[in-house]
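Each remark here refers to the structure printed beneath this line.
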There are 2 protein chains.
Amino acid sequence: MDKYKNKDYTIDNEQLARFAKAMGHPARITILHYLASLDSCYFGDIHNELPIAKATVSQHLKELKDAGLIQGEIETPKVKYCINRENWEKAQAYFETFFALRKEKTSCCN
Amino acid sequence: MDKYKNKDYTIDNEQLARFAKAMGHPARITILHYLASLDSCYFGDIHNELPIAKATVSQHLKELKDAGLIQGEIETPKVKYCINRENWEKAQAYFETFFALRKEKTSCCN
DNA sequence: TTTGTAGTTCGCAAAACTACGAACAATAAA
DNA sequence: TTTATTGTTCGTAGTTTTGCGAACTACAAA
């Protein structure tokens with residue numbers, strides 16, 4: 001039955017949710033904050049900023065990489081992580097557009 | 001032992017992560033998008049926009065309410081939901097500040 | 001060859017998330 | 001009083017997330 005016909009989420013909503021989800025953990029926000037503001041960005045430096053085990057840090061980094069927000073590059077014996085500028089700006093634009101929606105509007109409740 | 005001493009997440013990072021997490025599902029983005037752009041905002045209208053059961057919609061609404069992004073008010077026999085303007089603007093400011101961090105910066109990788 | 005450094009991956013456990021149908025509550029209408 | 005409408009809550013199931021230590025990989029140095 002066509003209970004849910006024609007009600008798929010839009011690509012944009014899916015993409016924004018994906019970015020938001022990646023940002024939905026304080027460790028990952030801390031990582032992004034760190035990478036966005038500093039030039040030093042080796043795994044060890046990141047691990048040092050966080051109250052969690054390196055295995056867990058590695059997992060969070062993987063999620064951020066999967067979401068496209070960061071990228072990693074091997075510099076034996078270290079790994080250098082950085083903001084993925086292109087997708088960072090894409091995410092920024094998504095959030096900006098999203099919040100702008102509400103601008104200059106009198107909501108039904110407040 | 002003081003393995004993780006002095007490395008707690010900051011309040012701001014926790015709060016931003018909380019907002020982001022609440023936005024980390026396409027259904028919840030769709031709900032917020034809908035509430036932010038329209039004046040009609042009864043539960044039934046929202047449910048109608050989504051490809052999921054009403055029980056699930058109710059749960060998503062609860063999460064958005066818990067994160068402070070929306071508010072509900074009973075208008076028997078319906079329930080009217082709306083953006084919580086104060087926290088919406090707070091969230092917007094958080095994201096804006098966060099992304100601005102990266103502005104005019106040459107990252108270590110790109 | 002053994003040792004050390006820097007990270008990743010594996011295997012596991014606990015908790016949280018997502019989703020549903022059924023049952024329920026509260027009011028209004030017949 | 002019975003029935004209908006509008007949502008919420010409950011109970012359950014399956015999946016995903018978060019976290020850890022241990023094991024592993026890759027390379028360099030001793």
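Sequence lines set the chain letters: A, B, ... in the order given, protein chains first and strands last, and positions in each chain run from 1.
- Atoms CE and CE, from B/Met23 and A/Met23 in turn, are 8.5 Å apart once rounded to the nearest 0.5 Å.
- One finds no side-chain N or O of A/Tyr81 lying less than 4.0 angstrom from the OP1 or OP2 phosphate oxygen of C/dA6.
- Residue-level contact check: B/Thr76 touches the backbone only, with heavy atoms under 4.0 Å from sugar-phosphate atoms and none from bases.
- Along DNA chain C, the nucleotide closest to B/Ala55 and the one closest to A/Lys62 are compared, and the more 5′ of them pairs with A/Lys62.
- Nearest nucleotide to the side chain of B/Arg28, out of D/dC20, D/dT6, C/dT18: C/dT18.
- As rounded to whole Å, 13 Å separates atom C1' of D/dT5 from atom CZ of B/Phe43.
- For the OP1/OP2 pair of C/dT5 and a distance below 4.0 Å, the side-chain nitrogens and oxygens of A/Tyr42 include no atom meeting the criterion.
- Taking all atoms of both residues into account, the shortest heavy-atom contact from A/Ala27 to A/Ile52 is CB-CD1, 4.1 Å.
- For the pair B/Asp45 CG and D/dT6 C1', the interatomic distance rounds to 12 Å; values are reported in whole Å.
- The closest donor-acceptor contact from the side chain of A/Ser58 to the backbone of A/Lys54 lies at 3.5 Å or more, if one exists at all.
- Here the side chains of A/Tyr94 and A/Arg18 are not in contact, with every heavy-atom distance at 4.5 Å or above.
- Here the side chains of A/Glu63 and A/Lys21 are not in contact, with every heavy-atom distance at 4.5 Å or above.
- Residue B/His47 places none of its side-chain N or O atoms closer than 4.0 Å to OP1 or OP2 of D/dT6.
- Between the P atom of D/dT18 and the CG atom of A/Leu64 lies a distance of 10 Å, rounded to the nearest Å.
- At the phosphate of C/dC17, OP1 or OP2 sits under 4.0 Å from a side-chain N or O atom of B/Lys21.
- Nucleic acid contact for A/Glu63: sugar-phosphate only, since backbone atoms but no base atoms lie under 4.0 Å from a heavy atom of the residue.
- Across the protein-nucleic acid pair, A/Ile29 atom CD1 and D/dT18 atom P stand 12 Å apart, rounded to whole Å.
- Contact annotation: A/Thr56 does not reach the phosphate of D/dT18 (side-chain N/O to OP1 or OP2, under 4.0 Å).
- Taking atom CD of residue A/Glu73 and atom P of nucleotide C/dA6, one finds them 18 Å apart after rounding to whole Å.
- Atom C1' of nucleotide D/dA26 and atom CD1 of A/Ile74 are separated by 9 Å, given to the nearest angstrom.
- What separates CD1 of A/Ile31 from P of D/dT18 is a distance of 11 Å, to the nearest Å.
- Contact annotation: A/His25 side-chain N/O to D/dG19 OP1/OP2 distance is under 4.0 Å.
- Side-chain atoms of B/Lys78 lie closest to D/dT6 of the nucleotides C/dT8, D/dT6, D/dG19.
- Relative to the side chain of B/Ile52, the nucleotides D/dG21, D/dT18, C/dA19 differ in distance, and C/dA19 lies closest.
- Side-chain N/O atoms of B/His60 include one lying less than 4.0 angstrom from OP1 or OP2 on C/dA19.
- Atom CG in B/Leu61 sits about 16 Å away from atom C1' in C/dC17, given to the nearest Å.
- Checked by atom type and distance alone, the side chain of B/Asp45 pairs as donor or acceptor with a backbone atom of B/Tyr42 at under 3.5 Å.
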